[in-house]
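For reference, the structure discussed in these notes is given below.
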Amino acid sequence: MKMNQKSYQSTRSNALTAQPAQAVLQGIAPDGGLYTLPDFQQSDIRYEDLLKMDMLPMAAEILRCLLPDFSREEMLALVQAAYTGKFETDDLTPAVPVGEDTVLELFRGPTSAFKDVALSLLPHLMRASAKKCGVEDEILILTATSGDTGKAALKGFCDVPGTRIIVFYPENGVSAVQKAQMLTQEGKNVCVCAVRGNFDDAQTGVKQIFSQVRQQDLLQGHAIRLSSANSINIGRLAPQVVYYFTAYKEMLESGRIALGDKVDYCVPTGNFGDILAGFIARQMGLPVGRLICASNANNVLTDFLRTGCYDRRRTFHLTISPSMDILVSSNLERLLYLLSGDAELVKGLMEQLNREGHYQVPDALLAQIKEVFWADYCDDSQTRAAIGQVWREHHYLCDTHTAVAWHVAQQYKAAHPDHAPVVVLSTASPYKFPEAVLAAIGIQQEGDGFAAIHQLEAATDVPVPANLRGLDQKPVLHRDVIDRDKMLEYVLEKAVKPQWNA
Ligand SMILES: *Cc1c(COP(=O)(O)O)cnc(C)c1O
């Protein structure tokens with residue numbers, strides 16, 4: 001056990017440390033690195049004991065380990081405030097058997113995306129962190145979204161005292177339903193703006209704003225500090241560790257596994273946050289076998305996890321699984337750090353990525369990665385085929401992102417006849433991508449994306465989540481569209497405005 005195990009440190013410098021509450025508040029480390037614990041192995045919990053606990057106490061216990069300056073009681077209160085009555089089911093993230101696999105439904109929250117799991121808690125965590133750190137400044141959340149984070153963050157932070165939130169999304173990079181969800185968001189402290197560019201442009205823009213504002217002290221005298229709701233913020237990542245445990249618990253209790261059996265998890269991956277949460281669960285002692293990284297045609301991670309060469313110099317594809325249309329997966333940086341323990345190495349690789357668009361990790365590190373991770377990808381036609389097949393064979397309707405993971409899970413099993421039981425993480429409701437899902441089950445679409453919702457419901461009898469009903473009837477409240485090099489200007493202008501949506 002390392003000495004400073006309760007302090008977070010930057011992936012790019014061991015000397016840059018922060019208490020957990022500070023790390024949550026700052027979002028990103030001042031040197032551009034991501035805050036992480038040096039090692040998530042904790043001495044004071046046993047996974048066997050966690051599995052005996054009820055949902056919310058288990059969540060509180062796991063989160064207390066990850067953010068150790070919160071007490072058990074504090075964390076339980078935050079978790080209860082965040083989740084009670086907000087999800088469709090009491091177990092928040094049900095694990096459903098589909099054929100011989102298990103689908104972990106992470107989309108039963110208030111915006112029908114798995115991001116709700118983390119973003120329901122983050123505002124509570126952020127306010128509590130501010131209090132712990134004696135910070136009275138207003139917190140301005142900046143978020144880049146590939147579609148789902150935006151709405152979940154808007155919903156989570158809507159009218160939370162002491163906070164405001166600006167969401168940037170790629171103008172043509174999100175589904176019609178995702179766009180409508182964001183543009184109809186009410187609340188006095190919320191702002192949504194389209195960027196002419198793709199998700200990577202928006203994410204890079206946000207990261208640059210953090211460093212420019214800090215370096216030049218651009219918000220000096222305004223009692224405002226910036227933070228992030230993206231998975232670069234450890235407060236966004238930590239809540240996602242919980243469902244790896246709850247899935248294991250459900251499989252145990254339903255007799256699909258025995259205590260101690262390994263379980264493989266297949267994760268539809270974009271920014272590498274979700275799958276990294278699985279890695280953290282594994283470090284905490286959960287018997288996680290393989291972590292299977294599923295990508296769409298933007299298969300930069302597939303190549304990396306196979307060869308150790310990360311190369312973003314490639315064509316960016318707009319796919320039917322848009323929340324995974326990403327070429328720069330931020331959280332990979334945390335994995336490189338956790339495995340190598342070498343901040344100098346990570347800093348060098350990240351600088352090279354910025355400068356040259358690629359890097360290669362040392363062979364020893366690649367070998368460590370391959371012990372845990374396996375990777376494959378799935379193009380749009382295979383995605384559609386997977387949705388169709390799962391529907392016909394199992395009468396289970398899945399969204400495009402889940403279908404990518406389902407397809408890759410089948411490839412994995414075929415290549416590993418002695419595989420452990422597989423959990424496929426399901427990250428969105430099929431009703432967020434109704435056009436693609438409708439086509440995949442062989443039905444001709446009539447009308448727009450919203451008509452497709454009704455058509456899909458009529459064809460499948462799978463109920464539409466309440467939050468997606470009547471979306472097209474709601475007024476559009478946000479209309480801003482800007483060039484990607486105008487993001488800083490936009491934020492500064494907004495930040496000093498006392499009233500947004502009076
Ligand atoms: C964000 C998202 C993903 C990717 O998750 P990461 O943590 O970015 O890897 C996958 N599916 C859906 C539906 C998402 O919204």
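This one's a predicted model, so the numbers in the text were calculated from it and none came from an experiment. Just follow the structure's listing: the first ligand is 1, and inside any ligand the first atom is 1.
Heavy atoms of Phe114 approach ligand 1 to within less than 4.0 angstrom. In this structure, Pro268 is part of the shell of residues with a heavy atom less than 4.0 angstrom from ligand 1.
Near Ala428, the atoms of ligand 1 lying under 4.0 angstrom from a non-hydrogen atom of the residue are 13 (C). Per-residue contacts place Thr269 under 4.0 angstrom from the following atoms of ligand 1 (heavy atoms of the residue considered): 9 (O). Close approach to Asp148 involves these atoms of ligand 1, each under 4.0 Å from a residue heavy atom: 12 (C), 13 (C), 14 (C), 15 (O). Here is the list of ligand 1 atoms found below 4.0 Å of a heavy atom in Gly273: 6 (P), 7 (O), 9 (O).
The 12-atom threshold is exceeded at NZ of Lys249, counting heavy atoms of other residues, nucleotides or ligands nearer than 6.0 Å.
Nearest-heavy-atom check against atom 7 (O) of ligand 1 across Asp325, Asp274, Thr402, Leu276 picks out Asp274. Of the listed residues (Lys115, Gln178, Arg236, Met324), the one carrying the non-hydrogen atom nearest atom 2 (C) of ligand 1 is Lys115.
Phe279 has its side chain out of reach of Tyr244: every pair of non-hydrogen atoms, C-beta onward, lies at least 4.5 Å apart. Leu140 places a side-chain heavy atom less than 4.5 Å from the side chain of Ile166.
With a heavy-atom cut-off of 4.0 Å, Lys432 does not touch ligand 1 at all.
Checked for salt-bridge contact, Asp376 and Arg306 meet the test: a charged N lies under 4.0 Å from a carboxylate O. Between Glu186 and Lys474 there is no salt bridge, since no side-chain nitrogen of the basic residue lies less than 4.0 Å from a carboxylate oxygen of the acidic one. One finds a salt bridge joining Arg12 and Glu333 here, because a Lys/Arg side-chain nitrogen approaches an Asp/Glu carboxylate oxygen to under 4.0 Å.
Ligand 1 has an N or O atom lying under 3.5 Å from an N or O atom of Asn271, backbone or side chain. Taking distance alone, with nitrogen or oxygen atoms compared against 3.5 Å, Phe433 stays at or beyond that limit from ligand 1. Residue Thr427 places at least one N or O, backbone or side chain, under 3.5 Å from an N or O of ligand 1.
Atom OG in Ser112 sits 3.5 Å away from atom CG in Asn467 (nearest 0.5 Å). Taken from CG in Leu456 to OG1 in Thr460, the straight-line distance is 4.5 Å, to the nearest 0.5 Å. Atom-to-atom distance recorded for Met75:CE and Leu67:CG is 4.5 Å, nearest 0.5 angstrom.
Of the protein's heavy atoms, Gly270 N, 2.8 Å lies nearest to atom 9 (O) of ligand 1.
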